[in-house]
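Below, read A as the first sequence line, B as the second, and so on, with proteins coming before strands; counting in each chain starts at 1.
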Amino acid sequence: MKFSKALIPTLREAPGDAEVVSHQLLVRSGMIRKVAAGIYEFLPLGIRSLHKVAQIVREEMDKAGGQEVFMPNLIPADLWLESGRWQKYGPELLRIKDRHDREYCFGPTHEEVVCDMVKQTVHSYKSLPLNLYQIQTKFRDEIRPRFGLMRGREFMMKDAYSFHTDLEDLDHEYKNMYKTYESIFKRCGLECRAVDADTGSIGGSSSHEFMVLASTGEDVIASCNVCSYAANLEKAFFAIKQTGEKPIQEDPQEVHTPELKTIEEVSGFLKIKPQQMIKTLVYVADDNFVIVCLVGDRDVSEAKLKALTGAAEVRLALDEEIMGLTGVPTGFLGPVGLIDLIKSKNSEATYRLCFDRSLASLFDGVTGANKADYHTKNINIERDLKLKNDAQHDGFVDLSVVMADDPCPHCAQGKLVLMRGIEVGHIFKLGDVYAKPMKVHYLDKDGREKAPVMGCYGIGVSRTLAASIEQNHDDKGIIWPRALAPYDIHLMNFDMSDETIKTAAELYQLLIESGFSVLWDDRDERVGVKFNDADLIGNPLQVMVGKKGLARGCYEYKIRKDGTKGDFSCASVIGEVTKLLENL
RNA sequence: CGGGGAGUAGCUCAGCCCGGCAGAGUGCCUGCUUUGGGAGCAGGAUGUCGCAGGUUCGAAUCCUGUCUCCCCGACCA
């Protein structure tokens, strides 16, 4: 492509609404433009790179036995009513009516449609297993789209759905997809990590996320510095430290703590560490109270709380609600005697008391005395709460967020390190949670009607593009790996003399005929302008034609990634270019 | 939805407090000069000052309403 004919509106400055570097560079390099919040158009350069990601995904999915299909993104409400998600899904689901007042939604995901497809077409175990995938635009009406392509409302996604006769076969396909995802992201040149993930509201038994490590990532992952353990913060847990401390065995003792409500205030006043305190928080999970006790310096994971209670929404209780439930002002609650207190005060309320695993290694703790302005010292879990100091005990549940340096749950030596990541892929074992309500079934060998077990596997195609830039850029612009670059070669002529232009034109033809994709900056611009645009756009290899080089019988080149410059003799250019591009 | 901020030339933004000809830089067009890392000179085009209403002789500027966008939070396969 000749630059002079191409629509490549590069910008010197990034638009003010672009916050993260991938968004800034995608806009500045003329790849995308915003049309509305979270909705972007792809210009010629952008769509080339997007297609590269899609093509890698397609090739690897096909290699893994997937079959490409294409489903509508306008989906009749009937299908979503059948699965029950029409009611369950919130305002994130964009609903629309046609001229006959029939209801539809824009597909944020396609379990319903693919189930319908399989229901209509598969009737025998002989047709299974199946892995059907599509690469298509999704729409989710996100509350707050942000960060350009990283969290758009409309975005390109590869979603795959597999159907199996049994769980064993699903396990096999899950591993197959896991490996396929590793190959896909490797081919995209991304440093990627698979982590244990929360299955969230989609349900199912097992789930991994594929995370691109980047400081601008929206997710936090915890990983072990010794073994391979890695998990999303929503799911990560830690090993219980065996402190070796023995309880002093003194009797619980009330201490006067006037107006001291927070962990910091009380621990400061009593000159103890926050780790020595038992924090007691009251949550409202849908319409029920859940009282969570955990070690003072830790935070409750609302994701884990949701998973434990099955609630759709959880929030901290208001001060009035806590007073109404317990009669104790916020800040002075403690687990000892709390249930009796609630029973006497408020027999109507539905509530639940949970102890986080972090408490399993706590001795001689301090907690609220369940009356205003008093705390209690010398609380021992085993003696005073009748819970064993042992995380395996039923009385403890996992409700806290891990912290940096927590001991790894999988190996003896490791500590957890926290880092940020961008979720580019997610794989799930779904089981029959969609197939059952959608009445998908087939006949097995014995002629019995059965529901297939399903897996589902997503890749954020447009997000992968953004993630690549987050991971590969410098202050000049994008540094594309060759696999995703819009063009292999960015050709420039240094002057507009007849000889230089003619030589450049011949080289341009030769490179194309040799199978390279070439963007030729043939504009009558100064060298600096061309270099700056070339660095901004970030194609892996720049090739320059100019009088000085030609006088030596050479073309010049620069490798975008590391700035290496050099010459190749005009005669051997194809061999040299081939060699250089092999490593880019 | 709560809190904060912004909408003025393609882009970045000034002007608004204190009402009085619509601005700068960059980009764009023309010409000349220049040409190895965002050149110089000269000339030129470009605006529903987000939208609607109000106050006023007069509104980008003051008032009211509204829409859009951004940030933080809540939310989120």
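Listed candidates were B/C76, B/G37, B/U26. Nearest to the side chain of A/F531 is B/G37. Nearest nucleotide to the side chain of A/F494, out of B/G38, B/C69, B/G36: B/G36. Set against B/G25, B/C75, B/G37, the side chain of A/D535 has B/G37 as its closest nucleotide. Relative to the side chain of A/R12, the nucleotides B/G27, B/G37, B/C69 differ in distance, and B/G27 lies closest. The side chain of A/F147 lies closest to B/C71, out of B/G37, B/C75, B/C71. Distance from the side chain of A/R140 is smallest to B/A77 among B/A77, B/G27, B/G36.
Taking atom CD1 on A/I143 and atom C1' on B/C72, their separation rounds to 14 Å, with Å as the unit.
As judged by a 4.0 angstrom heavy-atom cut-off over every strand, A/D495 is placed among residues making no nucleic acid contact. If you check every strand for non-hydrogen atoms under 4.0 Å, A/E234 touches nothing. Across all strands, A/G549 comes closer than 4.0 Å to base atoms (heavy-atom distances). Residue A/R146 is classed as a base contact, given a heavy-atom separation below 4.0 Å to a base.
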Report the C-alpha distance between A/K565 and A/E556 in whole Å, list the side-chain angles of each, state the deciding distance to 0.1 Å, and finish with yes or no for salt bridge (charged side-chain N to carboxylate O under 4.0 Å, His left out). CA-CA 7 Å; A/K565 291 177 186 174; A/E556 296 150 77; over 6 Å; no
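A gap of 49 Å separates the P atoms of B/C69 and B/U33, to the nearest Å. Taking atom C1' on both B/G58 and B/C62, the two are 13 Å apart, rounded to the nearest angstrom.
Checking A/M61, A/Q67, A/H110 one by one against A/Q134, the side chain to side chain contact (heavy atoms under 4.5 Å, CB included) holds for a single residue, A/H110. The residue from A/E82, A/E111, A/E112 that alone fulfils the salt bridge (charged side-chain N to carboxylate O under 4.0 Å, His left out) condition with A/K119 is A/E82.
Contact annotation: A/R144 side-chain N/O to B/C72 OP1/OP2 distance is under 4.0 Å. Proximity of A/K429 to the phosphate of B/A77: no side-chain N or O atom is located under 4.0 Å from OP1 or OP2. Here A/R151 does not reach the OP1 or OP2 of B/C76: none of its side-chain N or O atoms lies under 4.0 Å away. The phosphate of B/A39 (OP1 or OP2) has a side-chain N or O of A/R526 nearer than 4.0 angstrom.
For B/A39, the paired nucleotide is B/U33, the pair qualifying as Watson-Crick or G-U wobble because both relevant distances are below 3.5 Å.
Taking the centre of each ring, A/Y89 and A/W80 come in below the 6.0 Å mark.
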